[in-house]
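First the structure, in the form of structure tokens, and then the observations on it.
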Amino acid sequence: MYWKCVREQLFGKLAKCEEQPLMDDLDEVEIVEQEAQTAGAFVPPYRMLLQGVKSVTMSAGGSEINGFKLNFGLPLSPNFLMSHEINMAPPKPKAQGGFNMMELMGGKTPFYTLNVQYHHGIFTEVMQRHICSLVGKVDSNGKLDAIIFAPFKYVNLRLHCAYMNSNMQFANPTLEAEYKDKVSKHTFTIAPQAYEYTLMSKVGNKLAFGVEATYMKQLDKIGVGFAARYIRNARERYFVNWSESMQATVLGTLIKIDNATSLATELEFSGENYASVAALGYRRKGKNYTVNSAVKSNGEMKTLFTFNNMNMYKLKFFLAGNFSREDFKSGYSISIGQTDD
């Protein structure tokens, strides 16, 4: 379990620049449509293999809204985008004795976030040339997250620097290099206390298989894992992922019932006792709306409704609850203009 915590600190989502549109395979709908068009030729990065399933089962990061969010964004040029976010989440419970660890790590609410994207290159209807991208995010809690991304013909370079607050002990810079060809993607990741190598390769038109190896300096130990995706047909996909360092095994399915409706199941065994949690997700995408609902075997239920008015504004309504724990939360957000939510 300690190994899992250390790895999450080094490679996990310290902030949310990973959710910026720097990669072409973050959205489940786009993944399925692209795979259908290319007859299974699309090969996702190793760590993004289960993103489609987790998106529908609402296990992916950023699928919840707690409180109220207001987003406003406006592209200042074809290369530059600036957006603003005001988050008014409910206050977190204070720890006994007056010491709140979340406040120490920068968890005060409400807070303001500034998001900036600069894409260097030529982006016109006639010519498209992407040289590099700078994506940054800073909030009033003191968190700073920045990515420098440079794509080449066969290699993508990404430098990610995350700062939880002004204390440099919590800084987490990582350097990632991804080599890709028509049938495989190799990823090398270097962090201050760890090194990671992953490979995802296509075997025929139906099977993609990948391996990972992570060396943790603090533990002086190497953890391994594997992942696979099998495409039965244009509408059915099956996934398996096992990670020694994360102490987890995940089985998943992703089924397209029709062009607008997706179903996903996820079964995870994790922890020292290998406890299991199952999830069932449903998503329907209409012309101007999306409905996403999920239920888990631990009693947790989530629903997210999104209305999009031709990218002029977007409304989101979120509701979640766990009846066994009597824990309920809700939220809504308003996005105006072009934002990165």
Side-chain angles (χ1 to χ4, degrees), residues 7-28 30-32 34-35 38 40-55 60-62 117-121 123 128-137 145-162 172-203 207-216 222-229 231 239 241-243 245-246 250 340:
R7 170 166 171 171
E8 287 179 342
Q9 292 176 3
L10 295 174
F11 295 111
K13 290 190 176 181
L14 295 180
K16 296 182 179 180
C17 269
E18 293 91 329
E19 298 168 12
Q20 305 285 348
L22 289 180
M23 305 175 69
D24 59 359
D25 46 10
L26 295 184
D27 186 77
E28 175 269 338
E30 294 181 0
I31 291 175
V32 174
Q34 187 171 2
E35 287 182 346
T38 57
F42 177 68
V43 180
Y46 183 92
R47 271 183 272 169
M48 302 302 300
L49 182 69
L50 285 167
Q51 184 70 16
V53 173
K54 291 184 175 294
S55 176
Q117 294 185 30
Y118 173 72
H119 305 282
H120 186 60
F123 304 97
Q128 295 283 332
R129 185 187 177 195
H130 182 200
I131 298 175
C132 66
S133 292
L134 305 177
V135 178
K137 149 175 313 197
D145 202 18
I147 290 178
I148 302 176
F149 177 76
F152 299 94
K153 184 175 181 181
Y154 296 108
V155 179
N156 292 332
L157 296 178
R158 183 182 291 104
L159 176 61
H160 180 194
C161 300
N172 186 48
T174 61
L175 176 62
E176 181 179 291
E178 180 187 82
Y179 172 80
K180 57 183 179 179
D181 53 37
K182 293 182 179 180
V183 297
S184 63
K185 287 187 179 179
H186 306 256
T187 305
F188 303 86
T189 306
I190 301 175
Q193 298 297 328
Y195 306 108
E196 184 179 73
Y197 166 74
T198 64
L199 165 66
M200 180 58 66
S201 180
K202 185 182 66 165
V203 183
L207 180 64
F209 184 82
V211 294
E212 71 167 348
T214 305
Y215 172 68
M216 308 294 294
I222 297 177
V224 296
F226 75 88
R229 179 202 65 193
I231 302 177
F239 305 82
N241 178 235
W242 171 77
S243 175
S245 57
M246 295 299 290
V250 181
D340 56 10

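- To the nearest 0.5 Å, atom OH of residue Y195 and atom CZ of residue F188 are 14.0 Å apart.
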Residue pair H160, E176: steps toward the side chain to side chain contact (heavy atoms under 4.5 Å, CB included) verdict
CA-CA 8 Å; H160 180 194; E176 181 179 291; over 6 Å; no
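- At a cut-off of 3.5 Å, with distance as the only test, a side-chain donor of E212 or S243 sits close to an acceptor on the other residue.
- Between F226 and F209, the ring planes are parallel. Angles under 30° get that label, and only those over 60° would be called perpendicular.
- Between P192 and N172 the shortest side-chain heavy-atom distance falls below 4.5 Å.
- Using modelled atom types, no side-chain atom of K180 and backbone atom of H186 make a donor-acceptor pair closer than 3.5 Å.
- Residues L157 and F152 approach most closely at CD1-CE1, 4.0 Å, considering heavy atoms.
- With values rounded to the nearest 0.5 angstrom, I147 atom CD1 is found 9.5 Å from C161 atom SG.
- Between I190 atom CD1 and E196 atom CD the span is 11.5 Å, to the nearest 0.5 Å.
- Within the 4.5 Å cutoff, the side chain of N156 has no heavy atoms near those of the Y179 side chain.
- The OG1 atom of T174 sits 7.0 Å away from the CG atom of L159 when rounded to the nearest 0.5 Å.
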List the steps and the verdict of side chain to side chain contact (heavy atoms under 4.5 Å, CB included) for S184 and L199.
CA-CA 7 Å; S184 63; L199 165 66; 4.1 Å; yes
Take R229 and L207 through the side chain to side chain contact (heavy atoms under 4.5 Å, CB included) test and state the conclusion after the steps.
CA-CA 6 Å; R229 179 202 65 193; L207 180 64; over 6 Å; no
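- Counting heavy atoms from C-beta on, the side chains of V43 and V183 never come closer than 4.5 Å.
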Verdict with supporting geometry, V135 and F149, side chain to side chain contact (heavy atoms under 4.5 Å, CB included)
CA-CA 8 Å; V135 178; F149 177 76; over 6 Å; no
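- The distance from the NE2 atom of H119 to the OG atom of S133 is 4.5 Å, given to the nearest 0.5 Å.
- Summarising the geometry, atom CG belonging to D181 is positioned 7.5 Å from atom OG belonging to S201; distances are rounded to the nearest 0.5 Å.
- Residues passing the side-chain contact (heavy atoms from CB on, under 4.5 Å) test with A227, sequence neighbours excluded: Y46, L49, M200, N241.
- A side-chain donor-acceptor contact under 3.5 Å links R47 and T189.
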